[in-house]
Amino acid sequence: MDLRQLNYFVAVYENGSISAAARACHVAQPSLSTALQQLEDELGTTLFVRQSRGVTPTEDGERLYGHAGRLLSQMQSLKASFRHSVARVQFRLGLIRALGVERMSQLLREFSAGVEGLELHLVEPDDDADARIITPKMLKAGEQFLPIWTDCFLIALPAGHPLALKQSLQLEDFDGLALIKRTPCDAWSQFYPELIRNGIQPDIRADIHTIEYALGLVSAGIGAALVPDFEVLHDRQDVVLRPIQGINLQRTIGLAYPRSKAGQPALDWLRVLCQQRSYEPSE
């Protein structure tokens, strides 16, 4: 057993998917799968139940997760004890909601790893900040905007819902449909007025602020909800995602920063990371 295997195991446990863990660890999926299998062989147990979409930890997997977390934390503390003290770099980053946990966690890990002594403070998007990850309509005077991601929106339906049998939904399908409103949401601001203009009245069951709560209500069968097309959502068994014909629901997310702050090392590194992502295919 080595630290690499434990890191991979923890990544699989926390991401709930071998493919998502491989992306988070920046390794090929076969390499991670092989290391995980070697760990299971060495321990003589099965750590995860493999399913068509994602994995579920076994009882032994749950037990190992607690041990692995402590061991990795102790190793980080040991390494830190030999590092020379460095000047702290304070950086305030404003974030809007519903950015996608997986991709934001990866971006923040790379940002923290690339700036020695970084002390990162995540704040609300309207707070005073060195930079913000927002939509273009939230830009302030004097800010530069660097696009990072373009998200398409789908409708999330409870598993087993009659409309889940369709490959895509029409606007007419939303007439009387139990629907979860999520605000603030760029897609909702565009979608709901379009329904009203077409004489379509959905049955609004709740007004939720976060994607996680909205998906929880969808899973419970309360209603459907508009959600960004995050890859990790396709691994869920309790909801079904479908496109909507007749309307193009998208949002652009990017890095906004005051032009006066350009040239600061921490901000410049964050800009590089964001520029790299802007050239990658959208999820």
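Throughout, residue positions are numbered sequentially from 1 according to the sequence presented.
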I need the minimum non-hydrogen distance between [X] and [Y], along with the two atoms involved.
{"X": "Cys185", "Y": "Phe153", "result": "SG-CE2, 4.0 Å"}
{"X": "Ile180", "Y": "Ala225", "result": "CB-CB, 3.9 Å"}
{"X": "Asp127", "Y": "Arg92", "result": "CB-NH2, 4.0 Å"}
{"X": "Ala98", "Y": "Phe230", "result": "O-CZ, 3.7 Å"}
{"X": "Glu116", "Y": "Val89", "result": "O-CG2, 3.7 Å"}
{"X": "Val55", "Y": "Val12", "result": "CG2-CG1, 3.6 Å"}

Any [X] side-chain heavy atom under 4.5 Å of [Y] side chain:
{"X": "Glu172", "Y": "Leu177", "answer": "no"}
{"X": "His161", "Y": "Pro158", "answer": "yes"}
{"X": "Tyr257", "Y": "Gln144", "answer": "yes"}
{"X": "Asn7", "Y": "Leu72", "answer": "yes"}
{"X": "Leu36", "Y": "Tyr8", "answer": "no"}
{"X": "Leu171", "Y": "Leu195", "answer": "yes"}
{"X": "Arg132", "Y": "Leu95", "answer": "no"}
{"X": "Tyr65", "Y": "Pro57", "answer": "no"}

Quick check against the 3.5 Å criterion: does [X] have a side-chain atom that pairs as donor or acceptor with the backbone of [Y]?
{"X": "Gln90", "Y": "Leu118", "answer": "no"}
{"X": "Asp173", "Y": "Gln170", "answer": "yes"}
{"X": "Arg242", "Y": "Leu157", "answer": "no"}
{"X": "Arg236", "Y": "Val232", "answer": "no"}
{"X": "Thr58", "Y": "Leu47", "answer": "yes"}
{"X": "Gln5", "Y": "Asp2", "answer": "yes"}

Next item on the list: Have a look at Ile96 and tell me which of Asp126, Ile134, Ile133 forms a side-chain contact (heavy atoms from CB on, under 4.5 Å) with it.
Entry: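 Of the listed options, the one satisfying the test is Ile134.
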Notebook entry, point to check: Does the pair Lys137/Asp186 count as a salt bridge with the N-to-O cut at 4.0 Å?
Noted result: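 Looking at Lys137 and Asp186, the cut-off is met.
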Note to self: Strictly below 4.0 Å, N to O, side chains only: are Glu143 and Lys140 in salt-bridge contact?
What the structure shows: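 The answer is no: the pair does not qualify as a salt bridge.
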With the 4.5 Å side-chain cut-off for hydrophobic clustering, are [X] and [Y] part of the same group?
{"X": "Ile222", "Y": "Tyr192", "value": "no"}
{"X": "Leu165", "Y": "Leu163", "value": "no"}
{"X": "Val227", "Y": "Val240", "value": "no"}
{"X": "Val49", "Y": "Ile18", "value": "no"}
{"X": "Phe91", "Y": "Val123", "value": "no"}

Pairs of donor and acceptor atoms involving the side chains of residues 105-112, under 3.5 Å and at least two apart or interchain, shall be tabulated with distances.
from	atom 1	to	atom 2	distance (Å)
Ser105	OG	Val101	O	2.8
Gln106	NE2	Glu110	OE2	3.4
Glu110	OE1	Arg277	NH1	3.4
Glu110	OE1	Arg277	NH2	3.2
Glu110	OE2	His26	NE2	3.4
Glu110	OE2	Arg277	NH2	3.2
Ser112	OG	Leu108	O	3.0

Any chance you could measure [X], atom [atom1], to [Y], atom [atom2], to the nearest 0.5 Å?
{"X": "Met75", "Y": "Leu3", "atom1": "CE", "atom2": "CG", "value": "4.5 Å"}
{"X": "Leu93", "Y": "Met104", "atom1": "CG", "atom2": "CE", "value": "6.0 Å"}
{"X": "Trp149", "Y": "Gln250", "atom1": "CH2", "atom2": "CD", "value": "16.0 Å"}
{"X": "Thr150", "Y": "Asp229", "atom1": "OG1", "atom2": "CG", "value": "12.5 Å"}
{"X": "Leu270", "Y": "Leu255", "atom1": "CG", "atom2": "CG", "value": "5.0 Å"}
{"X": "Thr183", "Y": "Arg97", "atom1": "OG1", "atom2": "CZ", "value": "9.0 Å"}

Margin query: Could you walk me through whether Leu249 and Leu226 satisfy the side-chain contact (heavy atoms from CB on, under 4.5 Å) test, starting with their C-alpha distance in whole Å, then the side-chain angles of each, then the deciding distance to 0.1 Å, before giving a yes or no?
Written below: CA-CA 9 Å; Leu249 299 175; Leu226 287 174; 3.9 Å; yes
Next item on the list: For Ile244 and Leu154, run side-chain contact (heavy atoms from CB on, under 4.5 Å): C-alpha distance rounded to whole Å, both residues' side-chain angles, the deciding distance at 0.1 Å, then the answer.
Entry: CA-CA 7 Å; Ile244 306 169; Leu154 304 174; over 6 Å; no
Margin query: Just by distance, no angles: are the side chains of Ser19 and Gln29 close enough, under 3.5 Å, to form a donor-acceptor pair?
Written below: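 Side-chain D/A pair, Ser19 to Gln29: absent.
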Notebook entry, point to check: Is it true that the side chains of Asp268 and Gln264 contain a donor and an acceptor less than 3.5 Å apart?
Noted result: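 No pair is found: no donor N or O on one side chain lies under 3.5 Å from an acceptor on the other.
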Note to self: If the condition is side-chain hydrogen bond (donor to acceptor under 3.5 Å, both in side chains), which residues does Arg251 pass it with, not counting sequence neighbours?
What the structure shows: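 Arg251 satisfies side-chain hydrogen bond (donor to acceptor under 3.5 Å, both in side chains) with Asp151 once adjacent residues are dropped.
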Show the atom names and distances, to 0.1 Å, of all donor-acceptor pairs under 3.5 Å that link a side chain in residues 210-221 to residues at least two apart or in another chain.
from	atom 1	to	atom 2	distance (Å)
Thr210	OG1	Tyr213	N	3.2
Ser219	OG	Asp238	OD2	2.8

Notebook entry, point to check: By ring-ring contact (aromatic ring centres under 6.0 Å, His included), which residues pair with Phe174, not counting sequence neighbours?
Noted result: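 Phe191.
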Note to self: Using side-chain contact (heavy atoms from CB on, under 4.5 Å), reason through Trp188 and Lys181 one step at a time and then give a plain yes or no.
What the structure shows: CA-CA 7 Å; Trp188 179 267; Lys181 176 182 179 182; 3.4 Å; yes
Check: Please, which pairs that meet salt bridge (Lys or Arg N to Asp or Glu O under 4.0 Å) have at least one residue in residues 34-45, sequence neighbours excluded?
Finding: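 Output for this query lists Glu40-Arg50.
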Check: Quick one: ring pair (Phe, Tyr, Trp, His ring centres under 6.0 Å) pairs with a partner in residues 31-64, sequence neighbours left out?
Finding: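 Of all non-adjacent pairs touching residues 31-64, those that pass ring pair (Phe, Tyr, Trp, His ring centres under 6.0 Å) are Phe9-Phe48.
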Checklist line | Worked check of side-chain contact (heavy atoms from CB on, under 4.5 Å) between Arg103 and Ile253 | finding: CA-CA 12 Å; Arg103 66 187 184 183; Ile253 295 171; 3.6 Å; yes
